[in-house]
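Numbers for residues simply follow the sequence, beginning at 1.
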Amino acid sequence: MASSSQQPSCDYTEGASAIDIQQVADSARRTRRDSTYGEDGEGAMFDGPGHAVNPSSVSRMPLGEQRRRSSGAWSHSRSRRQSTSDEPLTLRREGSRDSQVFHGSVENQGHQDDHDDLEIPDADSTYGLSGRRRRTKSRSRSPPPTRSTVFENIAHMFGRNVPTAESPPRSRRASLSSRSSRINLLRRTSSRRSNASSDNMLASEDEETDDRWGYTSGEEDDSEDEETDIDVVSMAPSGSDLEYDPHSPPRGPTLPLLSGDPVFGLESRIEMGHFEELEPPPPGPPSRQTLYIADEDAQIRMIGYEIVTVRQWLWRACCILTLGILGLLGHWFPRLWLRWVAREKAFKDAEHGFVVVESAYRDIAIFPIRSINYPYDISTVFPAPVDPSARTSLSRATSRTQAQTNADASRLGKLLVVDYRYSRFVLDPRTGLFSMLRDWWDPSWTGIASVKNGLPRQIKEQRRILFGHNVIDIEGKSTLSLLVEEIIHPFYVFQIASIILWSLDDYYYYAFCIALISAFSILTTLVETRKTIARMREMSRFSCPVQVFTDGEWVESDSSDLVPGDIVNLLNPPLVTLPADMFLLSGDAIVNESMLTGESVPVGKAPAKDEYLARWRECKDVTGESTKSFLYAGTRVVRVRGALTTDGSPGAPALGLVVRTGFDTTKGALVRSMLFPKPMGFKFYSDSIRFILVLAGVAGVGFCASAVQFIRLGVKWHTIMLRALDLITVVVPPALPATLSIGTGFAISRLRKVGIFCISPSRVNVAGQINVCCFDKTGTLTEDGLDILGVRAIERNVNRFGELLEDIHDLPASGEKANFMYALATCHSLKKVDGNIIGDPLDVKMFEFTKWTLEEGDIAGTAVVKSRVGGERPAALVQTVVRPPGSAQFRLEDALKGAGRHAHFLELGVIRTFDFVSALRRMSVIVKRLKSSSMEVYVKGAPEVMSEICERDSFPQDYDDLLSYYTKRGYRVIAIAGKSIEGLSWLRAQKLKREQAESGLRFLGLVIFENKLKPGTTPVIQALREAHFGCKMITGDNPLTAVSVARECGLINQATHVFSPVFLRGNTNTPLSKLEWSGMDEHAWKLDDYTLRPLAAPAHHLVESDESEIHDYALVITGDVFRWMVNYAPLETLQRMLVKTQIYARMSPDEKNEVVERLQALGYTVLMCGDGANDCAALKAADVGLSLSEAEASVAAPFTSRTPDISCVLEVIREGRAALVTSFSCFKYMALYSLIQFTTITLLYSFASSLGDFQFLYIDLFIIIPIAVNMGRTLPYPRIHPKRPTASLVSKKVLASIIGQIVITATVQFWAFFWVRSQEWYTPPPAADPSGDDDKLEAKNYENTALFLVSCFQYILVAAVFSIGPPFRKPMWTNVLFMLSLSCLSAFNLLVLLWPPRPVVSILELVPLPSSARVTLLFAIIANIFAAFAYEEWGTKLVSHVIGLFFQLRRRRRVRDGKIYKAVEGGMR
């Protein structure tokens, strides 16, 4: 052992020779976190009990796996699949791991043979894999989506639709969906497998080669339902703007609109369906392929096409002949264009063609097949050899690459690529199928020694051509392109057509006004889109200077030039943000991965082992222990240190091996998840489109009736056509979509004023439908972080706990070697960076409580050990050194002199650490006191696990009572235990197994942390429960603590019985496990394990109390039981559990996500409120995600609140309900406005008359727009009503209201029309001259005047009738501007009716009426007002009941309603 130049050698390694150290140091330094109890190395360097913070929560937990984190072995099930081939089915690995390819000969189709999957034993059982197998992905049983409409297509015009993955085939119950946030961003286990199947299937049973693109392992079998708990957080700002080389254009489509279309875009959960069945593919090489994109947890289908020149010119001619209408239809419906212009073509023959990529939602996008010059060997792109039987025959249209001679067939001239959503797919000319370039691996990566020399310049250039630049550069669109795409939106196309029509009809004034409004709207959208693009580009793009080892020397270059295989110096120049995904080869690092995980706890990284690279070569991703050596792009560097020499001075620099660049990195996948989010839909918008189509149908019927009369009256044909088109603009008003978003706009504005920001306007209306609210606990319901309340040590003389000690100085001194104080000072995983102690907040609080000082282990000395792969590696002999207060100023040599005044000097060194493992729920350290002959083991963990590892006689008598006292009051309790091992040497400590260290311990004491409720929590929970909202807590904390907090805040009543399950038999991995549900307060209470209903009451309970208590109970469930129930419990039991459970405890981030999705599957509309840390996936999956974090992690949540408590939930629900009701009111108003005007015009058309231009202008501009705009200004009602507003336009109440008001207004107009004609003073209008050139219909007549005067009041009347007040909005009269508009317009209309000014009469082309007639019309209007209000108040209930009876006669399928939870709740009563 070498000594430091500043300190004498400290005897931490007595008994260990240099050879001994050489044998253990290299592995022990990096594997001391290993636990024989857990697998995959769960836990992070800074984990505290209850957390699994390893940044790389990257060990994704497959939802279908029959295990929890760190649980046991992988299990297998066999799957079946079908293949179309006459030849014996064989299996092969081909393509990318994300694209597991099956393809077969097209000449022999027609037979379907089932074959069992092959199972190949995995030699790498030490990695936790019990086997490998091949299987195709089973499809979920979710119903296929409805075919897209024009409006739906355009709403997602910019490629927003992103599919979500199907359920795992091996799970007993399919995982629900979509794992919203591109489910595998950070939780990728080796499940990078995707099913890529070709409709032309060749096969080969040759599955032995692990080095192929299609390699899968047993670990990957459940990949389909993995999920991420990551959210979008800070992306580093752009460093420089790089130009792409000509051969490497930016990959992927242009930026989509990042917010949903507020009008036509669907906003509800969209279930994934099966791909549409297609006709058989053309003979020859494959032209179709299905791939699984693991990053997006979604399947896509790729089909090759080429344009047929003759058809293309025919299409263009038709577009010209139809004045561009056919072109617009082709843009809105790409399948129409494909059917006309293109034909299916094999991928390898479509060099100048394109591929159509279809998601499981049947939305399609078109991407060109590009050819890049690539004069390199085929093995540089496709490392895996291809079985001869898998090769495709040459097609007739052979390309240059395919026509090469056998001699140089392995050398490529060109490479065909498709860039889909910034992911590159390359075509293997040997098989004719695409592989995902992200899964490329270098065959030479066999170990550390094989990569340490870096890359020569020639190979770097080759890889730069293949991978492009290492930059996440979102392709921007030009202003002109954005303008064109905005204008060809159906809404604006309809408006432009209307403006043209009005101009042809000399209706210039209104046309000009609408054109002005539309232009302003388009420009506003354009500016916002440009800002969004700029913001996204700035957030995602990053580059920095780096040193790269090239051709044997260090060369400084820009990080954008990095390629996989580069060796990067991490110390010089110093890195602030990591530019690529890398393996750490030497040195150590601490990084902040909050950008990916949302957790701010820094993460330690150790050098990689040879097996990590070998595993990467097989799995193409990091799993388990290898995550501790993997550096993710975009994460912030806290500290990087090089290797150490024997004297403690810096040695070799910290080096990283680049393995992924650009959009292929984890950060790139995260950016893609922002650009292409999961598609959402909302029933209101789809209903509104259908309703508009019904209105258009009404217009058609009305015009047909009018056309007959026009023809009879001799009106010219072009006038008839003009009137027909005009009638459509009357019934379907162009301003309708704009008015629907008015309420949402006002709601967002009001939310912004109270510090709540919304990045997804469409979610505001969804918030109005919330019926379940889920909350995180720590940082959401309770204050952020924990404070130490005190410690409870044992008084050994009475074998009971002592008093609560709030000051460490009150802790009595102990003569024992393993004592409480030393445990508090050493049992943690803290680090010191720039003088600051960093690590898990709980560990930091506990260490600060001791007031000791901490230094890192390199100060205490190092030893040089020889690595098996060559070279010398120094290893720190002590990880951490701690000293009591006042000791740090003494030099070590002074203390060793033994002077009397230094006799109190004390130093403890942490020799080894067993990191926190979630399955064990504890961590431990081996500690040595300086100059001591023994070593001590200290363990810190959950109190429940201490009984397993401590000697029973070491527990005080009141252990259970005191523990129950604190946990039931919401305190977080951590237990401490320890033991001393005499004569334990450094070498033996390195070889000591974890179960040996963590056994035979003596219990030392408890540390009590308090987590106070936030002041606003209790009143909010109370308000929600009074409004009959389901309130649920989803937390990673202890179930007892969670129940205590729930009772304290009122989420659970104090008298409610709480039942919790435990495993009587088996565990979370065992299908036949047995659960027992018993009361947490009184274990005698039990639940039936199937029905989850209370069993007979305990004998000592009064019978009369049973009936009142039996229904008042709640469930609390932990993550392991939840996982078992999802996989193995009966469906009925699972559904009952989800409905009845109010507390989900010990839940991992991915389990939080699945709880939300399972609740959604029952028909709940879910709000999730969290602090944006480990709740990211759940926030994204929820219908409404509300983040209390101001960090950039909250970007993924639709709502972010600056107010750090849950009071914002009430605001969002109130505003959501008000906005939803406003949208309905505006829609109903616009529908009535259209039909009132339609009735007027239809009556006038009956004798070739119409409204005048200024009459139209007055109605449309001066009545409708002010009322529609101000209608949405009504504030939400302060109290949340138990009943939710309807979200369906075809609901009984809405239909009854609309139908009734239509009948009333139409009746009054018909009466006015015929009444006028029956009067003595009435004179018929002059007959129109058919030979005249004027297209205008005569407007000046008695019928026109009477209908205009009556209808003007009706427009105002229905606005008042539809302005619903309580219980969702304040009363109408509180909306000052709205009441002012109604009053002014009513007064003006009254003036025009009774005392019309001459200028107004002239402009509006009115005919003077007798005074008696005016009074009669006034009484008719008053009668209309009374009838409308009376019907809305009382008549709608009767009519809606009749409509309900009609629906019941027609409806035979109740399941389609989607409200499964109602049936489950009813069944549990």
Check whether any side-chain heavy atom of [X] lies under 4.5 Å from a side-chain heavy atom of [Y], and answer yes or no.
X: V1156; Y: L1179; answer: no
X: I1259; Y: L1251; answer: yes
X: Y1258; Y: F1348; answer: yes
X: T744; Y: N765; answer: yes
X: T1222; Y: R1369; answer: yes
X: P1015; Y: D1205; answer: no
X: L1159; Y: Y1461; answer: no
X: F775; Y: T1017; answer: no

Please report the shortest heavy-atom distance between [X] and [Y], naming the atom on each side.
X: R1273; Y: R750; result: O-NH1, 3.9 Å
X: P1276; Y: A1218; result: CB-CB, 3.7 Å
X: A1268; Y: I742; result: O-CD1, 3.6 Å
X: P1278; Y: K1370; result: CD-CE, 4.2 Å
X: D776; Y: G1170; result: CB-CA, 4.1 Å
X: I1236; Y: Q1309; result: O-NE2, 3.0 Å

If we ignore hydrogens and angles and just use 3.5 Å, is the side chain of [X] paired with the main-chain N or O of [Y] as donor and acceptor?
X: K1032; Y: V772; value: no
X: D1183; Y: V766; value: no
X: Q1160; Y: T1165; value: no
X: R1217; Y: H1281; value: yes
X: Q1301; Y: A1428; value: yes
X: Y1229; Y: Y1355; value: yes
X: T1274; Y: N1375; value: no
X: Q1142; Y: L1051; value: yes
X: R1025; Y: G1050; value: yes
X: K1292; Y: V1439; value: no

Gap separating the [atom1] atom of [X] from the [atom2] atom of [Y], nearest 0.5 angstrom:
X: L751; Y: S1201; atom1: CG; atom2: OG; result: 9.5 Å
X: L516; Y: F520; atom1: CG; atom2: CZ; result: 9.5 Å
X: H1028; Y: N771; atom1: NE2; atom2: CG; result: 13.0 Å
X: C1352; Y: Q1255; atom1: SG; atom2: CD; result: 8.0 Å
X: L1188; Y: I756; atom1: CG; atom2: CD1; result: 9.5 Å
X: F1227; Y: L1232; atom1: CZ; atom2: CG; result: 11.0 Å

N-O pairing of R1214 and E1211 below 4.0 Å: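 Yes.
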Side chain to side chain contact (heavy atoms under 4.5 Å, CB included) between I1267 and L1382, worked out: CA-CA 7 Å; I1267 287 178; L1382 293 184; 4.0 Å; yes
Side-chain H-bond candidate by donor/acceptor type, D1260 with Y1233, under 3.5 Å: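 There is such a pair (donor and acceptor under 3.5 Å, judged by atom type) between the side chains of D1260 and Y1233.
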S1351 versus Q1237, side-chain donor and acceptor atoms under 3.5 Å: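 Absent: no donor and acceptor within the cut-off.
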Audit row: S1381, M1271, side chain to side chain contact (heavy atoms under 4.5 Å, CB included) steps and yes/no: CA-CA 10 Å; S1381 301; M1271 185 184 281; over 6 Å; no
Plane angle bin for H489 and F491 - parallel if under 30°, tilted between 30 and 60°, otherwise perpendicular: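 Rings of F491 and H489: perpendicular, over 60°.
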Centroid-centroid distance, F1224 to F1368, less than 6.0 Å: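 F1224 vs F1368: aromatic centres not under 6.0 Å.
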CZ (F1029) with more than 12 external heavy atoms under 6.0 Å: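 Yes, enclosed.
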Stepwise side chain to side chain contact (heavy atoms under 4.5 Å, CB included) check, Q1354 with T1239: CA-CA 12 Å; Q1354 288 181 335; T1239 305; over 6 Å; no
Test side chain to side chain contact (heavy atoms under 4.5 Å, CB included) applied to M1379 and N1270, step by step: CA-CA 9 Å; M1379 292 305 296; N1270 291 317; over 6 Å; no
